[in-house]
Amino acid sequence: MKIPVIRNILEANDQLAEINKILFKQNNLLVLNLMSSPGAGKTTLLERTVDALKDTIRIGVIEGDIQTTSDAERIAKKGVAAVQINTDGACHLDSKMIYHALKEIDIPSLDLLVIENVGNLVCPAEFEVGEDHKIMILSVTEGDDKPLKYPLMFSRSSVLLINKIDLLPYIDTDVEKIRRDSLGINPDLEIFEVSCRKQDGLDTWFNWILHRTPKYKSK
Ligand SMILES: Nc1nc2c(ncn2[C@@H]2O[C@H](COP(=O)(O)OP(=O)(O)O)[C@@H](O)[C@H]2O)c(=O)[nH]1
Ligand SMILES: [Mg+2]
C-alpha cells in the first residue's frame, strides 16, 4: 500500500495554493500578492490604486498583519471589500489563511483581489497563496543594498515598485544600483519608480493592472 506523504510545510502549502488558484481562475479573477518590508508603502499604494481604479474594476483586498485591523479599516474607508487576517505572530501569509479568508469575500463579484502580505522581506516570498503575480515594493529609504541581501523576493516578483522617490533629494540611495542588481537577479522584473505621496509614476502601475485583469480585457 502506498501512503502519500506530504514532505514539508511548503509542499502542504503549495497544494492548498493550487486549490485557491483554481477558485480564482474559475472566477476570472486577477490576484496580486503585495510584499515589502514594514512601512515601504503597501497600504498607501493600495489606497491610491483603489481610488484610481474602483470605478473601472471591482476590487477586493485581504490585509495581513500580525496584529490590528488598521490597514483593513484604511481600505474599507475607500468603499471596497476588505478582510483582515491577523497572523498572531507569523511573519507571512500562507495558502490556508487565504483559503479561510476567501469565505468572507464574494469572489464572483470581484475583478481584482489584492493580498497585502505581512511586512517582511524574507518569508512572504516563500509561501505561494494561489496568486497570479507577486508584486514587491522597496522604498528608497531602505537603501540600495536590499536586492543583493534579500534576492528571493526580487527573483519571484513580476513587478518591483521603487517607492518614496520624493525623498531621494535627502538620502544617498542609488536607484540605478537597485535597478541593476534587481535585474541581475530577475531579468524579467518590471520596475516602476513611484511616489505614492506625490502620486508620481503611478499611471504605469494602474495600466499594468488593467492590462492583466481578465474581466476588464474582455469588455
Ligand atoms: N514620503 C513618502 N512617504 C510615503 C510614501 N508612501 C508611503 N509613505 C508613508 O510611509 C508610511 C508607511 O506607509 P504604509 O502604506 O502604511 O506602509 P506598509 O506598512 O508597507 O503598508 C506612512 O507614513 C506613509 O504615509 C511616499 O511615496 N513618500
Ligand atoms: Mg500596511
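Order of appearance sets the numbers: ligands from 1, and atoms from 1 within every ligand.
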Among Ser36, Ser37, Ser139, the one residue meeting side-chain hydrogen bond (donor to acceptor under 3.5 Å, both in side chains) with Lys42
Ser36

According to a 4.5 Å side-chain heavy-atom criterion applied to Ile, Leu, Val, Met, Phe, Trp and Tyr, with indirect links allowed, do Met153 and Val140 form part of one hydrophobic cluster?
yes

Does Asp71 put an N, O or S atom under 2.8 Å from the Mg ion (ligand 2)?
yes

Can Thr43 and Asp71 be counted as having a side-chain donor-acceptor contact under 3.5 angstrom?
yes

Within the protein, is there a heavy atom lying under 4.0 Å from atom 22 (C) of ligand 1?
no

for atom 12 (C) of ligand 1, nearest protein heavy atom and its distance come out as Gly39 O, 3.5 Å

Atoms in ligand 1 flagged as close to Glu116, the criterion being non-hydrogen separation under 4.0 Å
21 (O)

Does ligand 1 have a heavy atom under 4.0 Å from the side chain of Ser36, from its backbone, from both, or from neither?
side chain

Short list, please: which atoms of ligand 1 are under 4.0 Å from a heavy atom of Leu167?
1 (N)

Please list the nearest protein heavy atom to atom 6 (N) of ligand 1 with its residue and the distance rounded to 0.1 Å.
Asn163 ND2, 3.2 Å

When you look at NZ of Lys177, are more than 12 heavy atoms from neighbouring residues, nucleotides or ligands closer to it than 6.0 Å?
yes

Would you mind running through ligand 1 and noting each atom that sits below 4.0 Å from a heavy atom of Asp166?
1 (N), 2 (C), 26 (C), 27 (O), 28 (N)

Mind checking whether Gln199 contacts ligand 1 via backbone (N, CA, C, O), side chain (CB onward), both or neither, at a 4.0 Å heavy-atom cut-off?
neither

For the Mg ion (ligand 2), find the closest N/O/S atom on Glu116 and give its atom name.
OE2

Take atom OH of Tyr99 as the centre, draw a 6.0 Å sphere, and report whether it contains more than 12 heavy atoms from other residues, nucleotides or ligands.
no

Would you call Glu47 a ligand 1 contact, heavy-atom distance under 4.0 Å?
no

Quick one: are Leu53 and Tyr216 in side-chain contact, heavy atoms under 4.5 Å?
no

Please work out which of the three classes, parallel, tilted or perpendicular, describes the rings of His92 and Phe127, given edges at 30° and 60°.
parallel

Min side-chain heavy-atom separation Ile209-Ile57 under 4.5 Å
yes

Considering only non-hydrogen protein atoms, determine which one is nearest to atom 25 (O) of ligand 1 and report residue, atom name and distance to 0.1 Å.
Arg197 NH2, 3.3 Å

Is it true that Glu126 and Arg156 have a side-chain N and a carboxylate O under 4.0 angstrom from each other?
no

Counting from 1 in the order shown, the ligand 1 atoms closer than 4.0 Å to a non-hydrogen atom of Gly41 are 13 (O), 14 (P), 15 (O), 17 (O), 18 (P), 20 (O)

Under 4.0 Å from a heavy atom of Arg74: which atoms of ligand 1 are those, numbered in the order shown and with their elements?
15 (O), 16 (O)

Judging by distance only, is a nitrogen or oxygen of Cys196 under 3.5 angstrom from one on ligand 1?
yes

Look at atom 19 (O) of ligand 1 and say whether a protein heavy atom is found at less than 4.0 angstrom from it.
yes

Counting backbone and side-chain atoms alike, is an N, O or S atom of Thr43 positioned under 2.8 Å from the Mg ion (ligand 2)?
yes

Proximity to ligand 1 by part of Ile165, non-hydrogen separation under 4.0 Å:
neither

Nearest protein heavy-atom contact for atom 10 (O) of ligand 1: which residue, which atom, what distance?
Lys164 NZ, 3.1 Å

Out of all atoms in ligand 1, which are within 4.0 Å of some heavy atom of Thr43? Include the element for each.
15 (O), 21 (O)

Is the closest side-chain heavy-atom distance between Phe192 and Ile162 below 4.5 Å?
no

Measure the shortest side-chain to side-chain distance between Trp208 and His133 over non-hydrogen atoms and say whether it is less than 4.5 angstrom.
yes

Logged contact type for Thr44 with ligand 1, heavy-atom cut-off 4.0 Å, is both

Contact check, Ala40 vs ligand 1, heavy-atom distance below 4.0 Å
yes

Could you tell me whether the side chain of Asn120 and the main chain of Val122 form a donor-acceptor pair under 3.5 Å?
yes

Check against side chain to side chain donor-acceptor pair (under 3.5 Å), Glu73 and Ser70:
CA-CA 5 Å; Glu73 286 163 25; Ser70 59; over 6 Å; no

